[in-house]
Amino acid sequence: TLLKNARLENAAARTNLRASAERLAQAHDERQERLRQIETYRAMLARGYVGEERPTRWIERIRAAGERHGLFEVRPAFSGTRVIPGKAGSETVVRGMTLRMQLLHENELLDFLDDLRRSVPAHLRLRRCDVVRLDAGGETEATFAQLGAECSVEWITWRVGTASPS
């Protein structure tokens with residue numbers, strides 16, 4: 001019976017060891033996931049995605065990008081804002097905007113949107129872009145725009161509550 005008890009204790013110890021190893025592996029995985037989340041948060045913070053919205057800065061960046069890409073005219077117009085509650089008091093803020101512009105060719109539009117996406121302190125999501133050929137009779141001597149574009153975009157930022165990663 002002494003040998004039998006020792007074998008039972010050994011089997012129980014091995015079961016406990018396996019369970020402990022599984023818990024340790026799970027804790028390690030959870031730690032790695034938290035570290036990835038912190039890195040994502042820091043990258044978002046560095047890009048300006050986290051914090052209060054700055055619509056006036058967005059307008060400045062839109063105008064500057066339009067000038068860099070030689071667009072004839074860029075007219076931004078904000079539309080509705082949605083606030084989506086998150087965990088620990090955080091919020092996702094989605095602000096709609098319509099961009100109307102005149103351009104010479106489609107590549108100007110693509111370059112402008114790419115530049116804008118890289119330069120604004122918000123996540124920029126393009127929802128739709130309609131491009132139409134402008135009436136040749138409507139051209140003025142000051143502009144030679146061939147195309148008109150109207151794009152719907154969303155500016156996405158995150159407001160973080162008191163429980164933010166550090």
Do you know the tightest heavy-atom contact between [X] and [Y]?
X	Y	answer
Ser119	Arg68	OG-NH2, 4.3 Å
Arg100	Ala77	NH1-CB, 4.4 Å
Val50	Val160	CG1-CG2, 3.3 Å
Arg63	Ile59	NH1-CG2, 2.7 Å

Basic-acidic side-chain contact under 4.0 Å: [X], [Y]:
X	Y	answer
Arg31	Glu33	no
Glu60	Arg57	no
Arg42	Glu39	yes

Do [X] and [Y] have side chains that approach each other closer than 4.5 Å (heavy atoms only, starting at C-beta)?
X	Y	answer
Gln146	Arg133	yes
Ser90	Trp158	no
Pro121	Arg61	yes
Met97	Glu154	no
Glu73	Arg75	yes
Glu106	Glu108	no
Thr157	Thr92	no
Gln102	Val74	no

(request) Tell me, with the steps shown, if Thr81 and Val94 meet side chain to side chain contact (heavy atoms under 4.5 Å, CB included). (result) CA-CA 6 Å; Thr81 301; Val94 181; over 6 Å; no
Euclidean distance, [Y] [atom2] relative to [X] [atom1], rounded to 0.5 Å:
X	Y	atom1	atom2	value
Arg18	Asn16	CZ	CG	9.5 Å
Leu124	Asp114	CG	CG	10.5 Å
Phe112	Glu67	CZ	CD	11.0 Å
Asp130	Glu150	CG	CD	6.5 Å
Leu104	Leu109	CG	CG	12.5 Å

(request) Answer yes if the side chains of Ser152 and Arg128 hold a donor-acceptor pair under 3.5 Å, and no otherwise. (result)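 Yes, because at least one side-chain N or O of Ser152 sits under 3.5 Å from a partner of the opposite role on Arg128.
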(message) Between Arg23 and Gln26, is there a side-chain donor-acceptor contact under 3.5 Å, judged purely by atom types and distance?
(response)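 No, no side-chain donor-acceptor pair sits under 3.5 Å.
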Are [Y] and [X] connected into the same hydrophobic cluster when the rule is that any two of I, L, V, M, F, W, Y join if their side-chain heavy atoms are below 4.5 Å apart?
X	Y	value
Ile156	Trp58	no
Leu45	Leu35	no
Met101	Leu147	yes
Leu71	Leu134	no
Ile84	Tyr41	yes

(request) Identify the residue among Asn107, Asp115, Asp111 that makes a side chain to side chain donor-acceptor pair (under 3.5 Å) with His69. (result)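 Testing each of Asn107, Asp115, Asp111 against His69, the sole residue satisfying side chain to side chain donor-acceptor pair (under 3.5 Å) is Asp115.
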(request) List in chain and number order the residues that pass side chain to side chain contact (heavy atoms under 4.5 Å, CB included) with Leu126, two or more places apart in sequence or in another chain; answer none if no residue qualifies. (result)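 If we apply the side chain to side chain contact (heavy atoms under 4.5 Å, CB included) test to Leu126, skipping adjacent residues, the hits are Leu113, Arg117, Cys129, Cys151, Val153.
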(message) Would Gln37 and Arg34 count as a side chain to side chain contact (heavy atoms under 4.5 Å, CB included) here? Give the steps.
(response) CA-CA 5 Å; Gln37 290 172 349; Arg34 293 284 185 250; 3.1 Å; yes
(request) Could you go through the side chain to side chain contact (heavy atoms under 4.5 Å, CB included) check for Gln32 and Glu30 one step at a time? (result) CA-CA 5 Å; Gln32 293 303 109; Glu30 289 173 3; over 6 Å; no
